[in-house]
Amino acid sequence: MEGCTIIEFILLVIAYFIGLILLGIYAHKRTKKTAQDYFLANRTFGPVILFFTLAATNFSAFTFLGFAGKAYDSGFGQYGIMAFGTAIMAVMFYVIGRKVWKLGKEKGYITPPELIGDRFNSTSLRLLFMGVMVVFTIPYLATQAIGAGMLIESVTGASIGWQIGAIFTMFVIMIYVIFGGMRGSGWTDVIQGVLMISALTLAVVFIAINLGGFEAANTMAYNASPELFTRPGGGDFFMPMMWFSFMLLWIFADPMFPQIFSRFYTAKDEKSLKQSMILYPIVVSFLFLCPVLIGIWAHGVGLDVSGQKDMVLPMMVANYAPGFVYAFVMVGALAALMSTADSQLLSLSTMLSHDLPFKKRKISEINIGRMLIVILSLFAILFVITSYNPREGIMGTLVKTTFSGLAVLCPTTIAALYWKRATKYGCIASILIGETSVFIFQYNILPTFGLLSAIWAIIIAIIVLIVVSYLTKAK
Amino acid sequence: GLWWRQSEPLMFGLPFWVVYLLILTLITSVAFYLFSKYYW
């Protein structure tokens, strides 16, 4: 690390962590002792905070590490599916977000399962919806912590092991989420979002300058690996059916992440949702190009990633940018990880404290939420220490489980918001059979004909929802 | 309402279809603006 020592990097990270904790404590002072205020910031997020909290929550470990790793493998196709796919997904801010916001404001809903359960007057559907969200979000939370640990290990030359780094990061997140609740999470998301965007931009600019300019860097990569500039790309990954699958997947999957769904409740007004929808494509159009370019440029310079594709971005920045840029980019990457993890932690604890049928509560819902934040953090740390294999590609792990599993909830959500004839039995059958089909297609028990298993699972969930709803009686 | 196995011509060193998708993404933002102004 030229121009920046390991000690300086550690001091920068500590200063950043202290800043987040102080912001969490300040948010705590501004938060009233009501569940609405602690869990939803009293539904007061204006356009700027709402946009940044949605974006920073949505763009996670693989925006930094996974994108670059996948682009190193498969080429520019990664930009297409991520940038346009995520941009068109913002139409769901209208289809789902607007309705969720209105119902939340009218009926005081706090969690996604609460809205679904109340619409069908069904506790079993509410618990099933919550169960799916929790089961598919906890591994994703652990992945963020692992990503942070890997980054810290990489920067410090293994002076700090990835497990220690992951545990320390998780501990800091736990502290500022306990204090600040949704307001703290939203405010820190603004800082982390700005950090993330500036870090990626700086990384591309400095690497391009070092490689003789933007066009020269691309030309070097084109001469070394021309297959990355076409589709299907490296390893023939982006076949037409796969391309179609990814373009469709984000529309159904992204709004179903509990941390994204919950943020629809926090909007101050519809104007905030509208402006977030308009800004989303503008930001992703250039932001997602940055890690993809860096991953592809690695071929032009003959970088040896030796099996660690997810670390191609830090390696490129370390080799082709000044030390201070490297340190800043690494803090930006940590910001991307932490802004997703804190939102997941808060949304999980909100659901578990609000949707589980606790009886005879002697302590307030906020304090139950805080205890759950501690328990979930320890659970994620346990994941880190024991069972998770951090050497697997992050993107592969996520797409295999989380996105498909959550996308199955989308037909039920749309039916709850729009379709009067839908029944709770239709929704329960749709979720159960949809989730089963995720694994049936995932393990090739049935052929997918080149599509992602998630697409088949969504189609099956829609068909089951319609058929069972018509066969059962709507109240 | 939008070139498989092609990469050239390169524009700023990028495959032309990447530039096309970048422009399409920005057009999506314009569509959202008009949608929120005239329909939502």
Side-chain angles (χ1 to χ4, degrees), chain A residues 75-91 93-94 98 208 211 213-222 226-233 236 238-240 243 247 270-271 273-289 292-293 296-297 300, chain B:
Chain A
F76 272 113
Q78 188 64 20
Y79 171 74
I81 59 155
M82 297 312 306
F84 186 83
T86 304
I88 197 78
M89 180 281 295
V91 77
F93 293 7
Y94 173 81
R98 176 189 58 112
L211 298 180
F214 185 83
E215 201 160 346
N218 279 321
T219 307
M220 281 161 65
Y222 185 57
E227 74 279 6
L228 299 178
F229 285 62
T230 65
R231 288 155 300 177
D236 282 353
F238 290 113
M239 298 306 280
W243 184 265
M247 285 296 189
E270 290 194 56
K271 185 184 160 196
L273 281 168
K274 284 179 183 179
Q275 296 196 351
S276 298
M277 181 173 85
I278 295 164
L279 280 172
Y280 234 72
I282 295 172
V283 171
V284 299
S285 64
F286 80 89
L287 182 71
F288 286 5
L289 192 56
V292 169
L293 283 170
I296 287 170
W297 290 349
Chain B
L2 285 171
W3 286 329
W4 226 250
R5 298 187 188 280
Q6 292 182 47
S7 58
E8 292 182 334
L10 298 180
M11 302 168 79
F12 317 107
L14 295 170
F16 70 97
W17 57 268
V18 170
V19 178
Y20 162 79
L21 284 170
L22 195 151
I23 292 167
L24 197 66
T25 305
L26 292 172
I27 288 171
T28 303
S29 181
V30 175
F32 284 157
Y33 169 74
L34 295 172
F35 175 74
S36 67
K37 190 175 169 66
Y38 294 109
Y39 182 75
W40 182 343

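All chains are named by letter (A, B, ...) in the order of the sequence lines, taking the proteins before the strands, and each is independently numbered beginning at 1. Treat the numbers as computed from the prediction; the structure is a model and nothing was measured.
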| query | Looking at B:I27, B:T28, B:L21, which makes the most heavy-atom pairs under 4.5 Å with chain A? | reply | B:T28
Toward chain B, the part of [X] with a non-hydrogen atom under 4.5 Å:
{"X": "A:L289", "value": "side chain"}
{"X": "A:M220", "value": "neither"}
{"X": "A:E270", "value": "both"}
{"X": "A:A90", "value": "both"}
{"X": "A:Y94", "value": "both"}
{"X": "A:V91", "value": "both"}

I'd like to know if the side chain of [X] and the backbone of [Y] have a donor-acceptor N/O pair within less than 3.5 Å.
{"X": "B:W17", "Y": "A:F229", "result": "yes"}
{"X": "A:Y79", "Y": "A:S285", "result": "yes"}
{"X": "A:T230", "Y": "A:P226", "result": "no"}
{"X": "B:S29", "Y": "A:I278", "result": "yes"}

At a 4.5 Å cut-off on heavy atoms, which part of [X] comes close to chain A: side chain, backbone, both, or neither?
{"X": "B:L14", "result": "both"}
{"X": "B:Y39", "result": "side chain"}
{"X": "B:Y20", "result": "neither"}

| message | Show, in sequence, the C-alpha distance, side-chain angles and deciding distance for A:F84 and A:V284, and conclude whether the side-chain contact (heavy atoms from CB on, under 4.5 Å) test is met. | response | CA-CA 8 Å; A:F84 186 83; A:V284 299; over 6 Å; no
| message | Less than 4.5 Å apart, side chain to side chain, heavy atoms only: is that true for B:F35 and A:M277? | response |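 Touching, per the 4.5 Å side-chain cut-off.
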| remark: Of the listed A:T86, A:I282, A:I296, the one with the largest count of heavy-atom pairs under 4.5 Å with chain B is A:I282
| remark: Here the pair of heavy atoms bringing A:F93 nearest to A:L273 is CD2-O, 4.2 Å
| query | Would B:L22 and B:V18 count as a side-chain contact (heavy atoms from CB on, under 4.5 Å) if you check the C-alpha gap in whole Å, the side-chain angles of each, and the deciding distance to 0.1 Å? | reply | CA-CA 6 Å; B:L22 195 151; B:V18 170; 5.6 Å; no
